[in-house]
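For reference, the structure is listed below as structure tokens.
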Amino acid sequence: MGPLPWREAWHRALYAAGRGFYVTRGGPAAHFTTATHGPTGAALAAALLRLWLRDHDELPAVVVDVGAGRGELASHLVRALADLALDESRYAVAPGHDEGPRPSGGTGRPAHATTRVVAVDVVDRPEGLDERVEWQRSPGGETLPPELTDLRDALVVAHEWLDVVPCTVAQVDASGTARTVLVDPDTGEETLGAPLTDDEEAWLRAHWPATTPGERIEVGLARDRAWADLVSRVRSGTLLAVDYGHTAGRRPSGGTLTAYAHGQQTTPVPDGTCDVTAHVAMDSLDADEVSTQREALQALGVTGATPPHALARAEPLAYLAALEQTGAEARLLDRQGFGGFWWALKRVDEHPVA
């Protein structure tokens with residue numbers, strides 16, 4: 001096979017039947033830890049529901065996890081929803097009685113026994129996944145399953161999805177023209193191909209002007225269109241993209257295309273043996289708010305503060321649980337780690353869906 005545009009080779013490397021990295025090699029959890037795994041995933045799920053309740057009086061009718069891996073975040077979300085329902089039931093008031101003051105742990109909002117949790121990824125439903133999680137299989141990349149549509153009162157989370165939506169990789173040649181980068185799928189060797197399409201050139205002028213010879217660009221047009229498609233499937237609700245990213249004025253001149261395998265960063269070769277990824281131009285997405293994860297979580301009251309030492313003496317088990325919680329929060333806030341992720345938030349009011 002001869003050299004291919006990076007976008008095409010990248011898509012095959014991740015999603016091709018029988019050989020793609022995401023369909024044959026155990027999923028992300030087999031190679032690296034993300035913020036959705038373990039205690040950080042539990043803390044993140046609680047924060048995501050807090051995000052929703054900041055703007056709504058009731059819990060969402062449906063929570064959708066796009067790019068769900070093997071359902072790690074979705075499983076945390078069903079447990080977080082169950083915890084909210086349990087918290088409400090503890091302080092339920094019998095008919096005819098005054099409610100009186102509520103303990104600070106109560107949300108003050110109705111429990112929602114019917115919130116659905118839907119996970120979307122490129123494999124069949126994983127064995128052992130919590131039965132409360134619904135599963136939809138996606139073709140991969142920017143293509144979403146057709147049944148994911150007409151969503152109302154929906155919280156939709158795309159966690160590290162857009163960075164693995166393959167996009168055109170370009171490089172400025174000696175004359176100042178941005179050209180498509182071609183790659184040999186077996187060796188990773190690169191050559192320059194044709195100039196960009198008119199749509200891609202327009203995207204560069206608007207979001208990532210580049211004229212210096214040798215400068216590399218990941219053209220975010222495919223990511224913008226994938227995000228717009230996801231938004232179009234929601235009649236009402238909130239969508240959140242969480243990803244590695246950058247914004248205007250801070251674009252990396254060398255690009256960000258890279259790969260990971262077995263917990264290590266490696267040279268990107270689109271042969272199906274590694275996770276090929278590139279950061280997202282977050283401010284080119286159709287979004288109402290763009291901020292770092294650290295900023296967004298702090299606005300939701302996540303602090304990562306150590307629990308009071310007095311709790312260790314009074315209730316040792318509660319102290320250990322609180323310590324695990326705050327430790328997870330601190331990792332989510334770490335500027336050099338998960339706290340450096342970007343959040344792009346989009347609110348959707350009721351509108352027709354095509």
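- In this structure, Trp343 has no ring pair (Phe, Tyr, Trp, His ring centres under 6.0 Å) partners at least two apart in sequence or on a different chain.
- A donor-acceptor pair is defined here as one N or O able to donate and one able to accept, closer than 3.5 Å; no such pair exists between the side chain of Trp6 and the backbone of Val169.
- Val219 and Val276 fall into different hydrophobic clusters, where Ile, Leu, Val, Met, Phe, Trp and Tyr residues are linked whenever their side-chain heavy atoms come under 4.5 Å apart, directly or through other members.
- The two residues Ala68 and Asp121 have their closest heavy-atom pair at N-OD2, 3.0 Å.
- Thr326 contributes atom OG1, which lies 10.5 Å from atom CG of Leu333 (distance to the nearest 0.5 angstrom).
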side-chain contact (heavy atoms from CB on, under 4.5 Å) between Leu162 and Leu285, intermediate numbers included: CA-CA 10 Å; Leu162 291 173; Leu285 303 174; 3.7 Å; yes
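- Minimum interatomic distance between Ala47 and Leu300 (heavy atoms only, all atoms of both residues): O-CD1, 3.7 Å.
- Side-chain contact between Arg132 and Val117: absent, with no pair of heavy atoms (C-beta onward) separated by less than 4.5 Å.
- Sorted pairs that involve residues 215-239 and meet ring-ring contact (aromatic ring centres under 6.0 Å, His included), not counting sequence neighbours, are lacking altogether.
- Using a 4.5 Å heavy-atom cutoff, the side chains of His76 and Leu44 are not in contact.
- Interatomic distance, CZ of Arg125 versus CD of Gln136, reported as 11.5 Å (0.5 Å rounding).
- The line from CG of Leu155 to CG of Leu51 is 6.5 Å long, rounded to the nearest 0.5 Å.
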Just list the side-chain donor-acceptor pairs under 3.5 Å for residues 137-146, sequence neighbours left out, or say none.
| unit_1 | atom_1 | unit_2 | atom_2 | d |
| --- | --- | --- | --- | --- |
| Arg137 | NE | Val122 | O | 2.9 |
| Arg137 | NH1 | Asp124 | OD1 | 2.8 |
| Arg137 | NH2 | Val122 | O | 3.2 |
| Ser138 | OG | Gly140 | N | 3.2 |
| Ser138 | OG | Thr143 | O | 2.8 |
| Glu142 | OE2 | Arg7 | NH2 | 2.6 |

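- The backbone N or O of Leu332 sits nowhere less than 3.5 Å from a side-chain atom of Thr40 that would complete a donor-acceptor pair.
- Residue pairs that meet the side-chain hydrogen bond (donor to acceptor under 3.5 Å, both in side chains) test with at least one member in residues 330-339, sequence neighbours left out, do not exist here.
- Residues Glu58 and Asp153 are not in side-chain contact: their nearest non-hydrogen atoms beyond the backbone lie 4.5 Å or more apart.
- The two residues Pro195 and Thr177 have their closest heavy-atom pair at CB-CG2, 4.3 Å.
- When all heavy atoms of Arg19 and Thr24 are compared, the pair lying nearest together is N-CG2, 3.5 Å.
- Side chains of Asp271 and Thr273: a donor-acceptor N/O pair is present below 3.5 angstrom, by distance only.
- Atom CG of Asp163 sits about 11.0 Å away from atom OG1 of Thr258, to the nearest 0.5 Å.
- Salt bridge Arg152/Asp150: present, at least one basic N to carboxylate O contact under 4.0 Å.
- Put simply, the side chain of Leu48 does not reach to within 4.5 Å of the side chain of Trp52, judged on heavy atoms.
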Steps toward side-chain contact (heavy atoms from CB on, under 4.5 Å) verdict (Val120, Trp161): CA-CA 10 Å; Val120 180; Trp161 171 51; over 6 Å; no
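- Salt bridge present: Arg251 and Asp283 bring a charged side-chain N and a carboxylate O closer than 4.0 Å.
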Asp224 vs Trp203, side-chain contact (heavy atoms from CB on, under 4.5 Å): CA-CA, chis, key distance, verdict: CA-CA 10 Å; Asp224 292 355; Trp203 189 94; 2.8 Å; yes
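- Hydrophobic clustering (side-chain heavy atoms under 4.5 Å, transitive across Ile, Leu, Val, Met, Phe, Trp, Tyr) keeps Val172 apart from Leu257.
- Within the 4.5 Å cutoff, no side-chain heavy atoms of Thr266 are placed close to those of Gln264.
- In terms of modelled atom types and a separation under 3.5 Å, the side chain of Glu8 and the main chain of Pro5 share no donor-acceptor contact.
- Inter-residue side-chain proximity for Trp10 and Pro268 is flagged as unmet; no heavy-atom pair is nearer than 4.5 Å.
- The stretch residues 233-257 participates, sequence neighbours left out, in these ring-ring contact (aromatic ring centres under 6.0 Å, His included) pairs: Trp208-His246, Tyr244-His279, Tyr244-Phe341.
- Residues Tyr15 and Pro166 approach most closely at CE1-CD, 4.1 Å, considering heavy atoms.
- Linking Ile, Leu, Val, Met, Phe, Trp and Tyr whenever their side-chain heavy atoms come within less than 4.5 Å leaves Ile217 and Leu192 in two separate clusters.
- Taking every heavy atom of both residues into account, Thr36 and Glu72 meet most closely at O-CB, 3.7 Å.
- Residue pairs meeting the salt bridge (charged side-chain N to carboxylate O under 4.0 Å, His left out) criterion with at least one partner in residues 188-197, sequence neighbours excluded, are Glu190-Arg216.
- Side-chain atoms of Ser75 come within 3.5 Å of backbone N or O of Gly71 as a donor-acceptor pair.
- Judged purely by distance below 3.5 Å, without hydrogens or angles, the side chains of Thr277 and Asp275 never pair a donor atom with an acceptor atom.
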side-chain contact (heavy atoms from CB on, under 4.5 Å) between Arg233 and Val64, worked out: CA-CA 11 Å; Arg233 295 162 186 258; Val64 181; over 6 Å; no
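- Using a 4.5 Å cut-off between side-chain heavy atoms of Ile, Leu, Val, Met, Phe, Trp and Tyr, with links allowed through other members, Val181 and Val269 fall into different hydrophobic clusters.
- Connection of Met282 to Leu204 is not established within any shared hydrophobic cluster, with ILVMFWY side chains joined at heavy-atom distances below 4.5 Å, either directly or through further cluster members.
- Between Arg225 and Leu221, the closest side-chain pair of non-hydrogen atoms falls below 4.5 Å.
- Thr238 contributes atom OG1, which lies 6.5 Å from atom CZ of Arg347 (distance to the nearest 0.5 angstrom).
- The shortest side-chain heavy-atom distance between Ser236 and Val348 does not fall under the 4.5 Å cut-off.
- The distance from atom CZ of Arg223 to atom CG of Asp243, rounded to the nearest 0.5 Å, is 7.5 Å.
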